[in-house]
Number of protein chains: 2
Amino acid sequence: MAEPAYYLGVDIGTTSTKAVLFDKTGNIGASASIHYPLHTPSAQAAEQDPEVIFRAVLGTVRETMRKSAIDPASLKLVSFSSAIHSLIAVGAEGELLSQAITWADSRAAKHATRIKEELDGHAIYLRTGTPVHAMSPLAKIVWLKEDKAEIFGETAMFADIKSFIFHKFFGEFVVDHSIASSTGLFNFKNLDWDSGALEVAGIHAGQLPKLVPTTHQLKGLAADHAAFMGIPKDVPFIIGASDGALANIGLGAIGPGVAAVTIGTSGAVRTVSPMPKTDPKGRTFCYALTADHWIIGGAVNNGGIILRWLLDEFAAAEVETAKRLGTNPYDVLTKIASTVNPGSDGLIFHPYLTGERAPIWDSNARGSFFGLSIHHEKQHMIRAVIEGIVFNLYTVALAVEEVTGEPTLIKASGGFARSEMLRQLLADVFGQPVTVPESFEVPVSARPFSACMRSVKSTTSASPET
Amino acid sequence: MAEPAYYLGVDIGTTSTKAVLFDKTGNIGASASIHYPLHTPSAQAAEQDPEVIFRAVLGTVRETMRKSAIDPASLKLVSFSSAIHSLIAVGAEGELLSQAITWADSRAAKHATRIKEELDGHAIYLRTGTPVHAMSPLAKIVWLKEDKAEIFGETAMFADIKSFIFHKFFGEFVVDHSIASSTGLFNFKNLDWDSGALEVAGIHAGQLPKLVPTTHQLKGLAADHAAFMGIPKDVPFIIGASDGALANIGLGAIGPGVAAVTIGTSGAVRTVSPMPKTDPKGRTFCYALTADHWIIGGAVNNGGIILRWLLDEFAAAEVETAKRLGTNPYDVLTKIASTVNPGSDGLIFHPYLTGERAPIWDSNARGSFFGLSIHHEKQHMIRAVIEGIVFNLYTVALAVEEVTGEPTLIKASGGFARSEMLRQLLADVFGQPVTVPESFEVPVSARPFSACMRSVKSTTSASPET
């Protein structure tokens with residue numbers, strides 16, 4: 001009998017950290033997750049406490065090992081994914097000078113505009129693959145430099161959340177090419193920090209973590225942390241990549257012509273290209289996965305967060321009733337939407353309630369219902385909102401198509417993909433078959449690279465055109 | 001003691017006919033009303049049966065006389081008002097060739113466009129005071145000529161509903177200057193049918209009722225009708241004017257600087273000018289009341305009908321609850337709206353759900369919510385809709401102002417004016433004090449001319465600017 005072997009995937013997200021154990025054939029074993037808050041002391045700020053996230057990483061690994069009761073010696077590796085665009089200012093003694101500033105933080109908005117308009121931001125995008133936007137660490141560093149000079153001046157290391165955690169584990173700041181490629185500071189041609197971007201940021205490469213490939217291994221875990229987590233201190237830690245890039249692997253969306261469409265709170269369209277590519281119009285991102293796998297796509301703000309708004313503002317009474325009947329609130333929305341013709345009888349909804357990233361890159365954009373007639377009822381508005389979310393993502397997909405070619409299959413994930421009606425709508429709008437992963441319980445990015453290739457349960461075809 | 005004297009006002013509306021008895025000093029006595037349907041066999045058609053309306057006139061007068069139990073000899077006159085823009089095709093033998101085609105009928109839309117664009121419609125407007133639109137009898141006659149040639153060819157008389165009823169009473173077709181001035185066929189300079197408009201319509205003046213002033217009296221009522229109604233057959237019938245023009249009198253909005261703002265199902269802004277005036281931009285109407293009283297104003301489609309839509313689509317559950325508490329549904333809307341700041345925190349609503357007449361004259365216009373952010377809740381949408389209705393009327397008022405000068409007082413009427421919150425909103429948006437009539441039970445246009453001058457109950461001032 002073969003020696004038992006297990007792999008642990010850890011996904012450091014913006015709402016929680018999740019750890020999942022897999023066996024050799026990719027089957028899911030024990031798992032654990034710990035949620036933490038997003039702090040929004042102002043409408044623009046969106047921060048998290050790095051120490052709290054670090055304790056969540058320790059806690060989820062410990063809990064997963066405890067639940068699984070496997071022999072720790074059979075754990076062959078721990079692999080990581082994390083959200084992109086986070087920035088943490090760290091002092092010379094390793095002390096925190098800032099919280100983890102997340103992608104959703106918009107305090108760098110006017111600095112991003114200035115980089116775009118005055119500092120040749122489009123050329124930086126064409127070299128780095130990261131759209132110039134408040135979300136990017138480049139813009140955040142410029143914000144610190146100009147508005148928080150006391151922090152900027154003291155910062156020895158501009159880390160991301162994963163680098164910060166690896167520094168806790170191994171005493172060094174390392175960042176994988178994937179996370180680095182989403183900072184706006186990483187030149188994807190020479191796989192190094194971009195001198196022009198560093199100049200705009202006003203920093204030198206020594207203030208950024210050491211660059212390593214996504215398959216990079218570290219060993220020699222700090223003994224106290226190893227003991228707490230219940231794992232051997234010589235188990236290899238794979239630095240891994242960004243959650244979005246790994247989601248394409250988890251979904252099996254890495255071949256030519258396959259696009260991953262994710263709608264969680266926000267949303268994204270992502271394809272994999274064998275080489276880095278950017279959009280002359282600046283609409284798409286290009287993030288590294290490996291040297292010959294590049295994620296080309298676009299991320300939107302307005303995904304499930306708009307469904308949540310729709311639920312609260314348009315269907316509170318219906319949801320109240322549905323709850324008593326044991327029905328999922330989102331099923332109420334899709335059932336109401338299903339009573340209306342595709343196209344909502346001419347009613348159009350622009351979903352830009354939180355401003356928008358791709359495809360329009362305008363944080364001042366706002367939403368609208370457009371074309372209202374006296375014949376439109378609440379169910380038309382509900383359907384129009386859902387259609388607006390999907391059409392916005394389709395517009396992103398069209399921009400991605402211009403860069404990478406037309407997809408022939410959509411792999412859908414995120415809460416949105418659980419609904420048959422929404423999967424069908426995706427298939428109809430995109431005009432492509434849609435498949436969904438076999439499990440919604442495990443974040444697809446938490447699966448180690450090798451264990452994720454058979455994860456398709458069902459296929460939804462586009463409706464025949466009539 | 002003075003001889004008792006009574007006056008009967010009869011208002012022929014598009015939803016009902018109402019009769020009201022007044023005494024010498026304008027006090028209201030008995031009244032009666034009879035509703036009748038609006039037939040909409042297609043989305044464009046909006047017709048009523050003239051015979052049904054005639055029986056409603058007979059019935060309401062009979063019922064009012066019966067209820068009042070006054071001596072019929074003390075009835076000194078019967079005075080009429082009616083809705084404008086109705087058209088009835090009558091054959092040579094007095095037979096009906098069409099139903100009463102109401103203002104809301106839009107089958108003449110493309111003909112109106114053609115008149116405007118190809119047949120110098122703006123010049124016709126400048127001579128007749130009636131905007132060229134599907135609502136106007138001019139456009140309706142062109143529609144009959146071009147799309148219903150068999151009816152057009154047989155028509156001996158193009159009557160309006162009041163002419164039709166007076167023909168039943170007195171055997172002749174007469175139309176007052178007020179109703180005539182809303183046909184698009186009446187030249188307000190020479191107080192006669194306009195030869196250019198007749199040419200466009202393809203008819204001659206003999207196919208239109210005889211023109212008379214609004215104070216014109218007829219005597220010699222058909223004996224059977226007099227007997228049925230319970231009134232002497234020699235009581236004088238005053239032909240009267242349009243409901244809108246008389247509403248200005250009823251509201252006391254006839255002096256300089258006074259504007260009547262009415263929001264019923266639709267809405268209007270109307271002022272009185274001592275001479276006819278038109279708008280070089282074609283936004284306002286100019287309808288006769290007397291030789292030296294001309295109603296300058298604009299009518300909108302989207303008044304209370306949008307509040308009804310708002311109630312149904314945004315507040316059904318709240319209204320259900322409120323009903324159980326004995327609260328008026330519209331009070332629910334205004335209470336919810338009152339929880340939100342003026343301006344709805346930046347959310348804008350265009351109320352053009354049924355297309356629009358003044359101020360934009362575009363039947364293809366549609367409504368929109370504009371500027372939606374994730375912070376906008378249902379109460380913001382409710383307030384934005386109400387504000388949108390009022391701002392649309394204010395835009396009409398600004399157009400009227402360009403023609404007649406700025407008003408200094410608003411006299412409000414219609415269901416909308418019953419709400420304190422809505423009166424305050426009117427006062428704030430218009431920046432003028434707002435007064436309302438003492439009674440909402442009697443249509444202001446049903447009051448004989450002389451009896452309506454003291455009808456102000458309360459004044460709402462604009463909020464102080466802070």
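Just so we're on the same page: letters track the sequence lines, and every chain starts at 1.
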Determine the minimum heavy-atom distance between A:Ser368 and B:Phe370, stating which atoms define it.
CB-CA, 4.1 Å
Kindly give the heavy-atom pair with the smallest separation between A:Trp309 and B:Met381, and that separation in Å.
CZ2-CE, 3.8 Å
Can you name the residues of residues 391-399 of chain B that have some heavy atom under 4.5 Å away from a heavy atom in chain A?
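So far as heavy atoms go, nothing in residues 391-399 of chain B approaches chain A to under 4.5 Å.
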Under 4.5 Å, heavy atom to heavy atom: which of residues 345-364 of chain B reach chain A? Give them by number, or say none.
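Expected list: B:Phe349, B:Tyr352, B:Leu353, B:Thr354.
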Any sub-3.5 Å donor-acceptor pair from A:Glu313's side-chain atoms to B:Lys378's backbone N or O?
yes
Top contributor to chain B interface from A:Arg366, A:Gln379, A:Arg308 [non-hydrogen pairs under 4.5 Å]:
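Result: the option with the highest number of such pairs is A:Arg366.
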Non-hydrogen side-chain atoms of A:Phe314 and B:Phe314 separated by less than 4.5 Å:
yes
May I ask you to name which of B:Gly371, B:Gly367, B:Ala317 has the most heavy-atom pairs under 4.5 Å with chain A?
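Between B:Gly371, B:Gly367, B:Ala317, the count favours B:Gly367.
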